[in-house]
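Numbering of residues begins at 1 and proceeds along the displayed sequence.
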Amino acid sequence: MRATESSDAGTRPSRGVDLATALAAVARGDQEQFTQVYDQVSAPVLGLVRSVLRDPAQSEEVAQEVLVEVWRTAARFRPDKGSAMTWVMTLAHRRAVDRVRSVEATAAREHKAALLDQTPAYDQVTEQVESRLEQQRVRRCLGALTSLQREAVTLAYYRGLTYREVAQLLTLPLGTVKTRLRDGLIRLRDCLGVTA
(Lines give C-alpha, C1' and ligand atoms only; values in the text may rest on other atoms or scores of the structure.)
Protein backbone atom coordinates (compact mmCIF):
# COMPACT_ATOMS: atom_id res chain seq x y z
CA MET A 1 0.00 0.00 0.00
CA ARG A 2 2.91 2.33 0.72
CA ALA A 3 4.28 1.72 -2.78
CA THR A 4 0.97 2.86 -4.25
CA GLU A 5 0.96 5.95 -2.07
CA SER A 6 4.48 6.91 -3.11
CA SER A 7 3.70 6.37 -6.80
CA ASP A 8 0.51 8.45 -6.44
CA ALA A 9 2.44 11.21 -4.74
CA GLY A 10 4.72 11.49 -7.77
CA THR A 11 1.79 12.06 -10.15
CA ARG A 12 -0.18 14.43 -7.97
CA PRO A 13 0.50 18.15 -8.29
CA SER A 14 2.59 19.47 -5.49
CA ARG A 15 0.51 21.82 -3.33
CA GLY A 16 3.60 23.16 -1.58
CA VAL A 17 5.07 24.85 -4.68
CA ASP A 18 6.32 28.36 -4.02
CA LEU A 19 4.11 30.32 -6.41
CA ALA A 20 6.49 33.28 -6.68
CA THR A 21 9.40 31.01 -7.63
CA ALA A 22 7.19 29.10 -10.07
CA LEU A 23 6.07 32.39 -11.72
CA ALA A 24 9.71 33.42 -12.12
CA ALA A 25 10.34 30.14 -13.94
CA VAL A 26 7.20 30.62 -16.06
CA ALA A 27 8.52 34.04 -17.04
CA ARG A 28 11.54 32.21 -18.49
CA GLY A 29 9.19 29.90 -20.47
CA ASP A 30 9.22 26.86 -18.13
CA GLN A 31 6.09 24.89 -19.08
CA GLU A 32 6.47 22.39 -16.24
CA GLN A 33 6.39 25.21 -13.70
CA PHE A 34 3.34 26.68 -15.45
CA THR A 35 1.58 23.35 -14.88
CA GLN A 36 2.35 23.75 -11.18
CA VAL A 37 1.08 27.34 -11.22
CA TYR A 38 -2.03 26.26 -13.12
CA ASP A 39 -2.79 23.49 -10.65
CA GLN A 40 -2.41 25.87 -7.72
CA VAL A 41 -4.38 28.89 -9.01
CA SER A 42 -6.99 27.56 -11.46
CA ALA A 43 -9.64 26.71 -8.84
CA PRO A 44 -9.35 30.01 -6.91
CA VAL A 45 -9.35 31.97 -10.20
CA LEU A 46 -12.48 30.19 -11.41
CA GLY A 47 -14.18 30.72 -8.04
CA LEU A 48 -13.44 34.45 -8.05
CA VAL A 49 -14.48 34.90 -11.67
CA ARG A 50 -17.68 32.94 -11.12
CA SER A 51 -18.56 35.09 -8.09
CA VAL A 52 -18.29 38.19 -10.28
CA LEU A 53 -19.90 36.89 -13.49
CA ARG A 54 -22.40 34.32 -12.14
CA ASP A 55 -22.50 32.71 -15.61
CA PRO A 56 -20.70 29.32 -15.60
CA ALA A 57 -19.84 29.33 -19.32
CA GLN A 58 -18.50 32.88 -19.31
CA SER A 59 -16.70 32.21 -16.04
CA GLU A 60 -14.80 29.29 -17.54
CA GLU A 61 -13.91 31.34 -20.59
CA VAL A 62 -12.65 34.28 -18.53
CA ALA A 63 -10.72 31.97 -16.16
CA GLN A 64 -9.00 30.45 -19.19
CA GLU A 65 -8.14 33.95 -20.45
CA VAL A 66 -6.66 34.79 -17.03
CA LEU A 67 -4.47 31.71 -17.04
CA VAL A 68 -3.26 32.49 -20.56
CA GLU A 69 -2.48 36.01 -19.34
CA VAL A 70 -0.53 34.57 -16.40
CA TRP A 71 1.54 32.53 -18.87
CA ARG A 72 2.16 35.52 -21.16
CA THR A 73 2.79 38.15 -18.50
CA ALA A 74 4.50 36.21 -15.69
CA ALA A 75 7.56 38.47 -16.12
CA ARG A 76 5.46 41.40 -14.87
CA PHE A 77 4.99 39.85 -11.45
CA ARG A 78 6.94 41.79 -8.79
CA PRO A 79 7.33 39.91 -5.48
CA ASP A 80 8.15 43.18 -3.68
CA LYS A 81 4.65 44.52 -4.58
CA GLY A 82 2.67 41.61 -3.10
CA SER A 83 2.18 37.85 -3.11
CA ALA A 84 1.99 35.81 -6.30
CA MET A 85 -1.56 34.66 -5.47
CA THR A 86 -2.67 38.27 -4.96
CA TRP A 87 -1.19 39.19 -8.34
CA VAL A 88 -3.00 36.33 -10.09
CA MET A 89 -6.28 37.06 -8.32
CA THR A 90 -5.99 40.75 -9.23
CA LEU A 91 -5.62 39.73 -12.88
CA ALA A 92 -8.68 37.50 -12.51
CA HIS A 93 -10.77 40.17 -10.84
CA ARG A 94 -9.87 42.81 -13.43
CA ARG A 95 -10.64 40.45 -16.31
CA ALA A 96 -14.01 39.48 -14.76
CA VAL A 97 -14.99 43.11 -14.16
CA ASP A 98 -13.97 43.96 -17.73
CA ARG A 99 -16.25 41.20 -19.00
CA VAL A 100 -19.17 42.49 -16.90
CA ARG A 101 -18.64 46.00 -18.26
CA SER A 102 -18.38 44.67 -21.80
CA VAL A 103 -21.61 42.68 -21.46
CA GLU A 104 -23.41 45.69 -19.95
CA ALA A 105 -22.12 48.02 -22.68
CA THR A 106 -23.25 45.59 -25.37
CA ALA A 107 -26.69 45.31 -23.78
CA ALA A 108 -26.94 49.11 -23.52
CA ARG A 109 -25.93 49.52 -27.18
CA GLU A 110 -28.49 46.93 -28.28
CA HIS A 111 -31.20 48.60 -26.19
CA LYS A 112 -30.33 52.00 -27.62
CA ALA A 113 -30.34 50.61 -31.16
CA ALA A 114 -33.75 49.03 -30.55
CA LEU A 115 -35.11 52.36 -29.31
CA LEU A 116 -33.69 54.16 -32.34
CA ASP A 117 -35.33 51.61 -34.64
CA GLN A 118 -38.69 52.34 -33.02
CA THR A 119 -38.32 56.14 -33.19
CA PRO A 120 -39.11 57.71 -36.54
CA ALA A 121 -36.18 59.49 -38.08
CA TYR A 122 -36.01 63.26 -37.61
CA ASP A 123 -36.29 63.88 -41.35
CA GLN A 124 -39.38 61.69 -41.50
CA VAL A 125 -41.08 63.70 -38.76
CA THR A 126 -40.13 66.99 -40.41
CA GLU A 127 -41.42 65.77 -43.73
CA GLN A 128 -44.74 64.74 -42.19
CA VAL A 129 -45.17 68.14 -40.50
CA GLU A 130 -44.30 70.02 -43.68
CA SER A 131 -46.67 67.85 -45.68
CA ARG A 132 -49.55 68.56 -43.28
CA LEU A 133 -48.86 72.28 -43.32
CA GLU A 134 -48.75 72.25 -47.10
CA GLN A 135 -52.04 70.34 -47.25
CA GLN A 136 -53.66 72.94 -44.99
CA ARG A 137 -52.39 75.78 -47.21
CA VAL A 138 -53.69 74.05 -50.36
CA ARG A 139 -57.12 73.49 -48.75
CA ARG A 140 -57.26 77.14 -47.70
CA CYS A 141 -56.34 78.27 -51.23
CA LEU A 142 -58.81 75.85 -52.80
CA GLY A 143 -61.46 77.46 -50.62
CA ALA A 144 -60.62 80.84 -52.22
CA LEU A 145 -61.51 79.55 -55.73
CA THR A 146 -64.95 79.83 -57.25
CA SER A 147 -67.02 76.67 -56.91
CA LEU A 148 -66.67 75.94 -60.66
CA GLN A 149 -62.86 76.34 -60.55
CA ARG A 150 -62.57 74.25 -57.37
CA GLU A 151 -64.70 71.47 -58.87
CA ALA A 152 -62.65 71.35 -62.10
CA VAL A 153 -59.28 71.41 -60.25
CA THR A 154 -60.41 68.73 -57.77
CA LEU A 155 -61.60 66.40 -60.53
CA ALA A 156 -58.49 66.88 -62.67
CA TYR A 157 -55.76 66.88 -60.00
CA TYR A 158 -57.15 64.93 -57.05
CA ARG A 159 -59.17 62.34 -58.94
CA GLY A 160 -56.76 62.14 -61.86
CA LEU A 161 -59.33 62.73 -64.60
CA THR A 162 -58.33 64.10 -68.00
CA TYR A 163 -59.67 67.45 -69.28
CA ARG A 164 -62.02 65.56 -71.60
CA GLU A 165 -63.33 63.36 -68.72
CA VAL A 166 -63.88 66.45 -66.54
CA ALA A 167 -65.80 68.11 -69.40
CA GLN A 168 -67.98 65.00 -69.84
CA LEU A 169 -68.62 64.68 -66.10
CA LEU A 170 -69.56 68.37 -65.72
CA THR A 171 -71.37 68.40 -69.08
CA LEU A 172 -69.40 71.43 -70.17
CA PRO A 173 -67.48 72.18 -73.37
CA LEU A 174 -63.82 71.14 -73.28
CA GLY A 175 -62.66 74.76 -73.83
CA THR A 176 -64.64 75.96 -70.80
CA VAL A 177 -63.11 73.25 -68.57
CA LYS A 178 -59.60 74.16 -69.75
CA THR A 179 -60.26 77.85 -68.99
CA ARG A 180 -61.62 77.07 -65.50
CA LEU A 181 -58.64 74.83 -64.76
CA ARG A 182 -56.14 77.43 -66.05
CA ASP A 183 -57.75 80.26 -64.05
CA GLY A 184 -58.05 78.05 -60.95
CA LEU A 185 -54.41 76.98 -61.15
CA ILE A 186 -53.26 80.60 -61.59
CA ARG A 187 -55.21 81.61 -58.47
CA LEU A 188 -53.80 78.63 -56.53
CA ARG A 189 -50.27 79.51 -57.61
CA ASP A 190 -50.73 83.13 -56.47
CA CYS A 191 -52.32 82.06 -53.18
CA LEU A 192 -49.55 79.56 -52.41
CA GLY A 193 -46.83 82.02 -53.43
CA VAL A 194 -45.35 79.62 -55.99
CA THR A 195 -43.06 81.22 -58.56
CA ALA A 196 -42.80 79.51 -61.90
Side-chain angles (χ1 to χ4, degrees), residues 1-139 192:
M1 188 166 223
R2 284 187 182 176
T4 308
E5 286 175 6
S6 63
S7 67
D8 285 347
T11 59
R12 289 185 192 156
S14 170
R15 295 287 175 198
V17 170
D18 178 33
L19 198 52
T21 305
L23 278 176
V26 169
R28 293 187 303 272
D30 188 330
Q31 292 180 5
E32 243 180 74
Q33 286 299 312
F34 180 71
T35 302
Q36 298 297 321
V37 171
Y38 182 94
D39 289 342
Q40 196 165 345
V41 302
S42 60
V45 164
L46 181 60
L48 173 67
V49 170
R50 189 172 276 179
S51 73
V52 174
L53 293 178
R54 295 189 180 14
D55 177 343
Q58 281 196 34
S59 297
E60 289 176 11
E61 185 179 317
V62 170
Q64 189 65 33
E65 290 172 6
V66 169
L67 292 166
V68 168
E69 186 176 359
V70 167
W71 169 255
R72 286 187 6 246
T73 64
R76 293 184 189 163
F77 168 63
R78 297 287 175 257
D80 57 322
K81 303 281 185 181
S83 75
M85 185 60 86
T86 301
W87 180 74
V88 172
M89 297 306 274
T90 301
L91 292 177
H93 186 262
R94 285 181 185 158
R95 186 67 68 126
V97 169
D98 286 348
R99 177 63 65 96
V100 168
R101 288 180 181 152
S102 174
V103 167
E104 288 175 353
T106 300
R109 276 193 306 275
E110 289 172 358
H111 179 70
K112 190 175 182 179
L115 288 177
L116 288 175
D117 286 345
Q118 293 173 358
T119 306
Y122 176 77
D123 292 339
Q124 191 176 20
V125 171
T126 302
E127 189 175 310
Q128 288 174 356
V129 169
E130 287 176 355
S131 176
R132 286 185 187 144
L133 290 173
E134 192 172 307
Q135 289 171 1
Q136 290 173 356
R137 286 178 55 208
V138 169
R139 282 193 206 110
L192 292 170

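Here the shortest heavy-atom pairing between Glu69 and Leu91 reads OE2-CD2, 3.5 Å. Between Val97 and Val52, the shortest heavy-atom distance links the atoms N-CG1, 4.3 Å. Here the shortest heavy-atom pairing between Ala63 and Leu46 reads CB-CD1, 3.9 Å. Taking each heavy atom of Leu67 and Tyr38 in turn, the nearest pair found is CD1-CE1, 3.2 Å. Of all non-hydrogen atoms in Ala92 and Leu48, the two that sit nearest each other are CB-CD2, 3.9 Å. Listed here is the closest heavy atom pair of Pro56 and Arg50: CB-NH2, 3.8 Å.
We find the CD-CG distance between Gln58 and Leu53 to be 6.0 Å, quoted to the nearest 0.5 Å. Of the inter-residue distances, the one linking Ser42 atom OG with Gln64 atom CD reads 9.5 Å to the nearest 0.5 angstrom. The OG atom of Ser51 sits 7.5 Å away from the NE2 atom of His93 when rounded to the nearest 0.5 Å. Atom NZ of Lys81 is separated from atom CZ of Arg76 by 14.5 Å, given to the nearest 0.5 angstrom. Here the CZ atom belonging to Arg101 is positioned 14.0 Å from the CZ atom belonging to Arg99, to the nearest 0.5 angstrom. The distance from the CG atom of Leu23 to the CD atom of Gln36 is 12.0 Å, given to the nearest 0.5 Å.
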After noting the C-alpha distance and the side-chain angles of Arg109 and Thr106, does the key distance pass the side-chain hydrogen bond (donor to acceptor under 3.5 Å, both in side chains) rule?
-> CA-CA 5 Å; Arg109 276 193 306 275; Thr106 300; 3.2 Å; yes
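Side chain of Thr90 to backbone of Thr86: a donor-acceptor contact under 3.5 angstrom is found.
Ring geometry for Trp87 against Phe77 counts as tilted: the plane angle lies between 30° and 60°, on a 0 to 90° scale.
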Show me the donor-acceptor pairs within less than 3.5 Å that the side chains of residues 24-32 make with the rest of the protein, sequence neighbours left out.
from, atom 1, to, atom 2, distance (Å)
Arg28, NH1, Ala24, O, 3.3
Asp30, OD1, Glu32, N, 3.0
Asp30, OD1, Gln33, N, 3.0

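Residues Val41 and Val70 have side chains not in contact (no heavy-atom distance under 4.5 Å, counting atoms from C-beta outward).
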